[in-house]
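Here's the structure we're looking at; comments come further down.
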Amino acid sequence: MKKVFFLSLITVFSLVFTSCSNDEDAVSNANENEIIGTWNLTALQTKDGKSNTDFDGNSIETTFSSVGKDFDTVVTFSEDPQNVTSEGSYTTILTTTFMGESQSEEIEGDDFFQSDKWRLDGSTLYFVSADGEEIGLTITELTDSKMDLKYDLNDTVEVFGGITTVSATYTMTLSK
């Protein structure tokens, strides 16, 4: 039962971004005109995923990674207003290691961006949800035909009475 719970917990964190990104690998020349348009999701990866959950003084560690495949997702950034939409599907292969046992599962994804608006601030591309929550991804490469985004997750949350600290690096590539 514990294994199923923690696998579910890691799955949630691997699919949802919940903190701010680091911009040390950022491009310095991003501008809105390069973002506007229709892009295809062509790569998605999670590296160095770690989760540490503390339940009443007992620490449970899990590591995780993921890689995407079967991309059929189109992301559109409009200019005025600055809306972002996505449609299509993709598959994420999530690998978790818990108590020395590794397990992989395929997770079907759709509606890649769960936000309504976007904005650019320097080299950080923000996605803004309907309730005003912002998620910032660092643009690490930007050309006429390719945009690489990076997101460093480092967060602590309370889940089912335990405190969980999660860290990971997410990367994705959008191509025209």
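By convention here, the first residue in the shown sequence is residue 1.
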Using every non-hydrogen atom in the two residues, find where [X] and [Y] come nearest and quote the distance to one decimal.
| X | Y | value |
| --- | --- | --- |
| Glu79 | Gln82 | O-CG, 3.3 Å |
| Gly49 | Ala168 | CA-CB, 3.7 Å |
| Ala30 | Ser123 | CB-CA, 4.5 Å |
| Phe64 | Lys50 | CE2-N, 3.5 Å |
| Lys176 | Asp144 | CD-O, 3.4 Å |
| Phe98 | Ile60 | CE1-CG2, 2.9 Å |

Taking the side chain as every heavy atom from C-beta outward, state whether [X] and [Y] have any pair of such atoms under 4.5 Å apart.
| X | Y | answer |
| --- | --- | --- |
| Leu41 | Leu174 | yes |
| Asn31 | Leu142 | no |
| Tyr170 | Leu149 | no |
| Glu34 | Met147 | no |

Derivation of the side-chain contact (heavy atoms from CB on, under 4.5 Å) call for Asn52 and Ser59: CA-CA 7 Å; Asn52 188 359; Ser59 182; 2.5 Å; yes

Asp131 CG: over 12 foreign heavy atoms closer than 6.0 Å: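 Result for CG/Asp131: enclosed.
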
Parallel, tilted or perpendicular: rings of Tyr90 and Phe71 (30°, 60°):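 Parallel.
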
Between [atom1] on residue [X] and [atom2] on residue [Y], distance to nearest 0.5 Å:
| X | Y | atom1 | atom2 | answer |
| --- | --- | --- | --- | --- |
| Ile139 | Lys150 | CD1 | NZ | 14.0 Å |
| Asp121 | Glu134 | CG | CD | 9.0 Å |
| Ser129 | Lys117 | OG | NZ | 11.5 Å |
| Trp39 | Lys146 | CH2 | NZ | 10.5 Å |
| Phe77 | Ile36 | CZ | CD1 | 10.5 Å |
| Thr165 | Glu61 | OG1 | CD | 10.5 Å |

Is a side-chain N or O of [X] found less than 3.5 angstrom from the main chain of [Y], in a donor-acceptor match?
| X | Y | answer |
| --- | --- | --- |
| Ser78 | Asn83 | yes |
| Thr42 | Thr173 | yes |
| Thr73 | Ser89 | yes |

Residues clustered with Ile93, ILVMFWY side-chain links under 4.5 angstrom: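 Result for Ile93 is Val67.
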
From Val84, Thr38, Thr85, residue fulfilling side chain to side chain contact (heavy atoms under 4.5 Å, CB included) relative to Val75: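 Answer to the side chain to side chain contact (heavy atoms under 4.5 Å, CB included) test with Val75 among Val84, Thr38, Thr85: Val84.
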
Same apolar cluster: Ile163 and Val166, side chain cutoff 4.5 Å: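 Ile163 and Val166: separate clusters.
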
Distance-only donor-acceptor check, side chains Thr171 and Asp148, under 3.5 Å: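 There is no such pair between these side chains.
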
